[in-house]
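In what follows, a structure is listed as structure tokens, so that the remarks can point back to it.
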Amino acid sequence: MQYQGVLTKMQTEYGNPIQYYLVFEDNFINMNQILNQEIEISFVGYQCLNCSKKKKIFRQGFCYDCFYSSAAVGDWIMRPELSTAHLGVADRDLVYEQKVQLQPHIVYLALSSEVKVGVTRKSQVPTRWIDQGANEAISIVEVPNRYLAGITEVALKSHYADKTNWRKMLTNDIAPADLIAERMKLEMIIPAEAREYFILDKNDLYKMDYPVAQYPLKVKSLSLDKTPSFKGKLMGVKGQYLLFEDGTVFNVRGSEGYVVRITV
Ligand SMILES: [Zn+2]
């Protein structure tokens, strides 16, 4: 069976285990159903997720021009504390920014390699945690806009990592932690403006069950720019990565905007 189309991050369904779908324009692959099978991924070209032109992808699925002009990739995406829509101040497009920033946001602790802190829109729970490959996650505050989430995250960053060590995440080399106990220690670290939103007693610990038959001991990352065609036996999916038997890992999200042919 052959599929061809532009890569976008895999769609997921929370469950035991999590279900992963690679969705193309006319069809899709449920990745869980092709575990333990040989698949081939071949590079065909580029297609910007914003303008659809066949231009080289610069970052996050966007070509260079779109990356520096689209409201969807402003600095406040990666640094929520820079959000200004709650003040009525635009970065690139106030209408878009109001829509995205002025909605409930969560600051969370996730166990993905070490315990890390992060921010997500409430509507992205638990998708965001699955995409990161977190084994467990818990909400700390639920606030009405992205700015409040951002300043809370900044305050917590001095106590926790804010990035995942992807090699440890993919080899499942995770130091155990008690996220409920961690959360109880945090109330006084949360900035005063956000403290009223602190979630103390709620049984809302999420545990993620990834479809992985066998974790690799060492990983090497597949880049379609360097290796335009790769064939291997798919042993699992975690985060937005495909894990192959020989230790090769492929970051689907990191390859958004690449047009590929997949042979199963
Ligand atoms: Zn573009």
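Keep in mind that this is a model prediction, so the values were computed, not measured. Count residues from 1 along the sequence. Read the numbers this way: they start at 1 and go in the same order the structure lists the ligands and their atoms.
Of all protein atoms, those of element N, O or S that lie under 2.8 Å from the Zn ion (ligand 1) number 4.
K185 pairs by the salt bridge (charged side-chain N to carboxylate O under 4.0 Å, His left out) definition with E182, not counting sequence neighbours.
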Under 3.5 Å donor-acceptor pairs involving side-chain atoms of residues 204-214, not counting sequence neighbours:
unit_1	atom_1	unit_2	atom_2	d
D204	OD1	R183	NH1	3.1
Y210	OH	A134	N	3.1
Y210	OH	A134	O	2.5

Exercise answer: donor-acceptor pairs, residues 231-239 side-chain atoms, under 3.5 Å, sequence neighbours excluded:
unit_1	atom_1	unit_2	atom_2	d
K238	NZ	N135	OD1	3.0
K238	NZ	M169	O	2.9
K238	NZ	N172	OD1	3.0

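Within the 6.0 Å centre-distance limit, the rings of F58 and Y64 are counted as a close aromatic pair. Between Y21 and F24, the distance separating the two ring centers is not shorter than 6.0 angstrom. For Y258 and Y46, the ring centers are positioned less than 6.0 Å apart.
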